[in-house]
Enquirer: 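Attaching a single structure in structure tokens format; questions to follow.
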Amino acid sequence: MSAEKAHNFLEEIISEELKAGKFPEGIITRFPPEPNGYLHIGHAKSICLNFGLAKDFGGKTNLRFDDTNPVTEDTEYVESIMEDVKWLGFEWSQVVYSSDYFETLYEYAVKLIKKGKAYVDDSSAAEIAALKGTPTEPGKPSPFRDRTIEENLDLFERMRKGEFADSAKVLRAKVDMASPNMHMRDPLMYRIKHAHHHRTGNKWCIYPMYDFAHGQCDSIESITHSVCTLEFEVHRPLYEWFIHELEIYPSRQFEFARLNLNYTVMSKRKLLQLVNENHVNGWDDPRMPTISGLRRRGFTPASIRQFCEKIGVARRENIIDFGLLEFCIREDLNKTAHRVMVVEDPIKLIINNYPEGMVEMMPGEVNPEDAESGTRMIPFSKELLIEREDFMENPPKKYFRLFPEGMVRLKHGFIVKCTSFEKDVNGNVTTVYCDYFPESRSGHDTSGLQAKGVLHWVSAAQAIPVELRIYDRLFSVENPNAEEGDFKSYLNNDSLKVVEGFAEPALANASTDHRYQFLRKGYFCLDKDSTASKMIFNRTVTLKDGWKNG
RNA sequence: UGUCCGAUAGUGUAAUGGUAACACUCCAGAUUUUGAUUCUGUCAUUCAAGGUUCGAAUCCUUGUCGGACAACCA
């Protein structure tokens, strides 16, 4: 880590601790997703933080599936999570599951019962809630709070054996019903769920709650820094209470502010809803803020890591501008994307003085940012396609594209001058006629002419039709969470537009190994829906557009 | 009417009692065969009031605003 770089508060803390001689074996962090959904860009922040801290300070990181609720969890999610973490470029020390520790956790619970620090409660969920009090009123003790240790031991064992129905009993920690912190009012440790678990099958019918699993798992793995988001802050006293009472390795919890991005939502529950109600086409829909969605959209691991680096880590609520993510991907793709010309919304451009049937092959660099990238050949002919928006009958001042009597450079081609144009019955321009200047050939221009504008184009006869999926922000408002009513009523109806574009022949060789810059239009990537007869491209992001009139 | 956390340009993040800065955005300009890239420049910041101090974004007090907390979710 460079001395120049600003340290976030966690790096600061760890750096001090290391200086003081703590953790001679190195630090250990963990990334602890629950396998009940797909990872999103918010998780990427956590992944970069947890893996990044270990990497920077010479430690290691475990990938731990926090699978203590069999009802919502599934191996489908386990697999996608592992794929996403790997794709982001991180390597875990080991993969573990909270369920690996169910036996130890059970023993821990027995230990607390024996210490008189836990008891079995027969109350219903409603009764427990009623006695819990509110944030401003203290709770009251359960009538079962003072059962004997022997009775608690017996009952808890029978809970495990399956003698009771779901919800008939719970195991609770005996802490403090009057605590101003609701989480200390005799929190639940175990509940009965006769449910199939994705790892342990039907072995268990009691499952530990988050609070009685997370910190203990951290401790078992000797996690030195258990980093989580701000909403767990009020759990910290309980996290420490269990570790203290259990007399086990004192892992410590640190909280940071979760990532929020504008024009999208970040809660797994809401994302699941968008998927289930078909507002998007699955978890990996390119409009989703999921890692798989961003990947399919064309984002690179490096761009996402760079984004996470740029947003920083702090403890205050934040909403990051989507534009920063776009900046990061453009910065990356500008250096690597293959350039190609594709017309999204074509009109014809016919060159009056170009010989009928003639085709010249014009060279164009694959990537001007990369001298090694070479060139591709682009056919030029009498009949071309150009972008509809690149011609105007009555242009505003400062419009330096094509207009009657106007002159432009056709990129990698020639300078042309507009002589006339045609419209259809609806008044839409269909064809533009131009004269070209043979001596203005790209790279060998002796014409002395200068054209302010440069247009992309394709030769009509050789153009290959491609499907373009044009994405825009998922929501039409910056913060759907803050709006009145159902967040789904703020979805952007134009977040996906499918258009047929026309590409220069070089794109026929496109593969998912490369990203493409469609000149003047944006960055695109080949979509997995492509078939042998139809190539489909996702627009990752537009190019920055400095033209205010556009 | 509770407890805890937070507040620095439009958005984020630094400055760790000693000159308030960096990135993105915005705006202006230069270069440009992508209105891209690149380069240069401009605008703009310590929630409020008291206190401690030679000196406060930083420490203290009070207030204001925002967030979290009353799932057999994590």
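Just so it is clear, the values below take in all heavy atoms, side chains as well, and ignore hydrogens, waters and symmetry mates. Below, chain A is the first sequence line, B the second, and so on; all start at residue 1.
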Enquirer: Say whether A:S179 and A:N181, considering side chains only, have a donor N or O and an acceptor N or O under 3.5 Å apart.
Expert: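 Side-chain D/A pair, A:S179 to A:N181: absent.
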Enquirer: With hydrogens left out and only the distance checked, is there a donor-acceptor pair under 3.5 Å joining A:H235's side chain and the base of B:A74?
Expert: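 Such a pair is found, so the answer is yes.
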Enquirer: Please work out if A:Y190 contacts a base, only the sugar-phosphate, or nothing of the nucleic acid, heavy-atom cut-off 4.0 Å.
Expert: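 If one applies the 4.0 Å heavy-atom cut-off, A:Y190 turns out to touch nothing in the nucleic acid.
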Enquirer: Once salt bridge (Lys or Arg N to Asp or Glu O under 4.0 Å) is applied, do any residues pair with A:D390, and if so which ones, sequence neighbours excluded?
Expert: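 Applying salt bridge (Lys or Arg N to Asp or Glu O under 4.0 Å) to A:D390 gives A:R401, A:R520.
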Enquirer: Considering every strand and a 4.0 Å limit on heavy-atom distances, what is the contact class for A:R339: base, sugar-phosphate, or nothing?
Expert: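 A:R339: base contact, heavy atoms under 4.0 Å.
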Enquirer: Which part of the nucleic acid, if any, lies within reach of A:L188 when heavy atoms closer than 4.0 Å are counted: base, sugar-phosphate only, or nothing?
Expert: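 The answer is base, as A:L188 lies within the cut-off (heavy atoms under 4.0 Å) of a base atom.
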Enquirer: B:G55 and B:G63: how far apart are their C1' atoms, nearest whole angstrom?
Expert: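 It comes out at 26 Å once rounded to the nearest Å.
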Enquirer: Figure out the OH/C1' separation between A:Y239 and B:A74, and round it to whole Å.
Expert: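 One finds 14 Å between C1' of B:A74 and OH of A:Y239, rounded.
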Enquirer: Look at the side chain of A:R316 against the base of B:G66 and say whether a donor-acceptor pair falls under 3.5 Å; ignore hydrogens and angles.
Expert: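 Answer no: no donor N or O sits under 3.5 Å from an acceptor.
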Enquirer: Distance check, C1' atoms only: B:C5 and B:G10, in whole angstrom units.
Expert: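 Approximately 25 Å lies between the C1' atom of B:C5 and that of B:G10.
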Enquirer: Could you tell me the separation between the CZ atom of A:F524 and the P atom of B:A36, rounded to a whole number of Å?
Expert: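 Rounded to whole Å, this separation is 18 Å.
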Enquirer: Rounded to the Å, how far apart are A:K411 NZ and B:U37 C1'?
Expert: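 About 11 Å, once rounded to whole Å.
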Enquirer: Counting only N and O atoms by type, is there a donor-acceptor contact under 3.5 Å from the side chain of A:E387 to the main-chain atoms of A:E344?
Expert: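 Such a contact is found between A:E387 side chain and A:E344 backbone.
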Enquirer: For A:R145, is the CZ atom crowded, meaning more than 12 foreign heavy atoms sit under 6.0 Å from it?
Expert: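 Above 12, so yes.
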Enquirer: Where the side chain of A:R409 is defined as all heavy atoms beyond and including C-beta, which of B:A74, B:U1, B:U33 is the nearest nucleotide?
Expert: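 It is B:U33.
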Enquirer: Roughly how many Å apart are B:U46 and B:A57, using the P atom of each and rounding to a whole number?
Expert: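 It works out to 11 Å between them.
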Enquirer: Just checking A:V170: base, sugar-phosphate only, or nothing, at a heavy-atom cut-off of under 4.0 Å?
Expert: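 Touches a base.
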Enquirer: Does a donor on one side chain and an acceptor on the other come within less than 3.5 Å for A:R339 and A:H456?
Expert: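 A:H456 and A:R339 do not have a side-chain donor-acceptor pair below 3.5 Å.
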Enquirer: Considering every strand and a 4.0 Å limit on heavy-atom distances, what is the contact class for A:R315: base, sugar-phosphate, or nothing?
Expert: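 Contact class for A:R315: sugar-phosphate only.
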Enquirer: What's the closest nucleotide to the side chain of A:N8 if the choices are B:A70, B:A14, B:U33?
Expert: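 Among B:A70, B:A14, B:U33, the one nearest the side chain of A:N8 is B:A14.
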Enquirer: Please give, in whole Å, the distance from B:U11 P to A:I320 CD1?
Expert: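 Taking atom P of B:U11 as the reference, CD1 of A:I320 is at 11 Å.
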Enquirer: Could you check if a side-chain atom of A:T200 sits within less than 4.5 angstrom of a side-chain atom of A:F102, using non-hydrogen atoms only?
Expert: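 A:T200 vs A:F102: side chains touch.
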Enquirer: Go ahead and write out RNA chain B as dot-bracket, 5' to 3': ( ) for pairs within the strand, [ ] for ones crossing earlier pairs, | when the partner sits on another strand, dots for unpaired; Watson-Crick or G-U wobble, both distances under 3.5 Å.
Expert: .((((((..((((....[..))))..((((.......)))).....(((((..]....))))))))))).....
Enquirer: Let's see if you can work this out: which of B:G35, B:A70, B:G12 has an atom nearest to the side-chain heavy atoms of A:D545?
Expert: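 Side chain of A:D545 sits closest to B:G35.
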Enquirer: For A:D100 and A:Y97, indicate whether the former's side chain and the latter's backbone hold a donor-acceptor pair under 3.5 Å.
Expert: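 Looks like yes, one N/O pair under 3.5 Å.
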Enquirer: Quick one: A:N481 CG to B:G67 P, roughly how many Å, whole number?
Expert: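 Rounded to whole Å, this separation is 12 Å.
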Enquirer: Out of B:A23, B:G2, B:C73, which has the shortest distance to the side chain of A:K310?
Expert: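 Shortest atom-to-atom distance from the side chain points to B:A23.
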Enquirer: With heavy atoms under 4.0 Å as the rule, sort A:E137 into base, sugar-phosphate or nothing.
Expert: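 Nothing: the residue A:E137, judged by heavy atoms under 4.0 Å, touches no strand.
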Enquirer: Is A:V313 touching bases, backbone alone, or none of the nucleic acid, heavy atoms closer than 4.0 Å?
Expert: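 Sugar-phosphate, no base atom in range.
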Enquirer: Examine the base of B:U34 for any acceptor or donor lying under 3.5 Å from a partner atom in the side chain of A:R520, and report the outcome as yes or no.
Expert: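 A donor-acceptor contact between them is absent.
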Enquirer: Base, sugar-phosphate alone, or nothing: which one does A:G443 contact when heavy atoms must sit under 4.0 Å apart?
Expert: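 Contact class for A:G443: base.
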Enquirer: Identify which nucleotide among B:U33, B:U3, B:A74 has an atom closest to any side-chain atom of A:S442, counting heavy atoms from C-beta outward.
Expert: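 Selected nucleotide: B:U33.
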Enquirer: Could you work out the separation of B:G35 and B:U31 based on their P atoms and round it to a whole Å?
Expert: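 The answer is 16 Å between these two P atoms.
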Enquirer: Under 4.0 Å between a side-chain N or O of A:T68 and OP1 or OP2 of B:A74?
Expert: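 Yes.
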Enquirer: Is any side-chain N or O of A:K335 closer than 4.0 Å to OP1 or OP2 of B:A36?
Expert: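 No.
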Enquirer: Determine the Euclidean distance between corresponding P atoms of B:C54 and B:A21; express it in Å to zero decimal places.
Expert: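 Nearest-Å result for B:A21 against B:C54 at atom P: 26 Å.
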Enquirer: Between A:Y263 and A:F322, is the gap from one ring center to the other below 6.0 Å?
Expert: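 Not close enough - the centres of the two rings lie 6.0 Å or further apart.
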Enquirer: When we call it a touch if two heavy atoms are under 4.0 Å apart, what does A:H412 touch: a base, just sugar-phosphate, or nothing?
Expert: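 It contacts base atoms.
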Enquirer: Rounded to the Å, how far apart are A:L324 CG and B:U25 P?
Expert: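 Going from CG in A:L324 over to P in B:U25 covers 8 Å.
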Enquirer: What contact category does A:A314 fall into here, base, sugar-phosphate, or nothing, at under 4.0 angstrom with non-hydrogen atoms?
Expert: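 The residue A:A314 makes sugar-phosphate contact but no base contact.
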Enquirer: Tell me what A:E12 touches on the nucleic acid: a base, only sugar-phosphate, or nothing, going by heavy atoms under 4.0 Å.
Expert: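 Here A:E12 touches the bases of the nucleic acid.
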Enquirer: What nucleotide among B:U37, B:G12, B:C69 has an atom nearest to a side-chain atom of A:H183?
Expert: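 So the side chain of A:H183 is nearest to B:C69.
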Enquirer: Looking only at atom P, what distance separates B:U42 and B:U1, rounded to whole Å?
Expert: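 It works out to 49 Å between them.
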Enquirer: Of the options A:S99, A:C217, A:S98, which is the one that meets A:T68 in a side chain to side chain contact (heavy atoms under 4.5 Å, CB included)?
Expert: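 So, applying the side chain to side chain contact (heavy atoms under 4.5 Å, CB included) to A:T68 and each of A:S99, A:C217, A:S98, only A:S98 qualifies.
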Enquirer: Do A:Y190 and A:F156 have ring centres separated by under 6.0 Å?
Expert: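 Between A:F156 and A:Y190, which both carry aromatic rings, the centre distance is below 6.0 Å.
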Enquirer: Quick one: label A:P368 by what it contacts on the DNA or RNA (base, sugar-phosphate, nothing), any heavy atom closer than 4.0 Å.
Expert: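 Since a base atom lies under 4.0 Å of A:P368, the category is base.
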Enquirer: Could you tell me how far apart A:R191 (CZ) and B:A74 (C1') are, to the nearest whole angstrom?
Expert: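 Value for this atom pair: 9 Å.
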Enquirer: Work out how far the P atom of B:C26 is from that of B:A68, and round it to whole angstrom.
Expert: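 Those two atoms are separated by 31 Å.
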Enquirer: Counting heavy atoms from C-beta on, name the nucleotide in B:C5, B:U3, B:C72 closest to the side chain of A:E233.
Expert: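 Within the option list, the nearest is B:C5.
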Enquirer: Base, sugar-phosphate, or nothing: which does A:N181 touch, judged by heavy atoms less than 4.0 Å apart?
Expert: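 Contact class for A:N181: none.
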Enquirer: In whole Å, what is the span from the CG atom of A:D321 to the C1' atom of B:U25?
Expert: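 Computing the A:D321:CG to B:U25:C1' distance gives 7 Å.
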Enquirer: What distance, rounded to whole Å, do you find between the two C1' atoms, one in B:U37 and one in B:G17?
Expert: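 Per the computed distance, 44 Å lies between those C1' atoms.
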Enquirer: When you compare the side chains of A:S80 and A:D84, does any donor N or O come within less than 3.5 Å of an acceptor on the partner?
Expert: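 Looking only at side-chain atoms, A:D84 and A:S80 do not form any donor-acceptor pair under 3.5 Å.
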Enquirer: Which of these nucleotides, B:U34, B:C26, B:G12, is closest to any side-chain atom of A:K544?
Expert: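 Ranking B:U34, B:C26, B:G12 by closest atom to the A:K544 side chain puts B:C26 first.
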Enquirer: Has A:Y210 got its ring stacked on the base of B:A74, with centres under 5.5 Å and planes less than 30° apart?
Expert: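 One would not call A:Y210 stacked on the B:A74 base.
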Enquirer: What is the nucleic acid contact for A:I311, judged by heavy atoms within less than 4.0 Å: base, sugar-phosphate only, or nothing?
Expert: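 It contacts sugar-phosphate atoms only.
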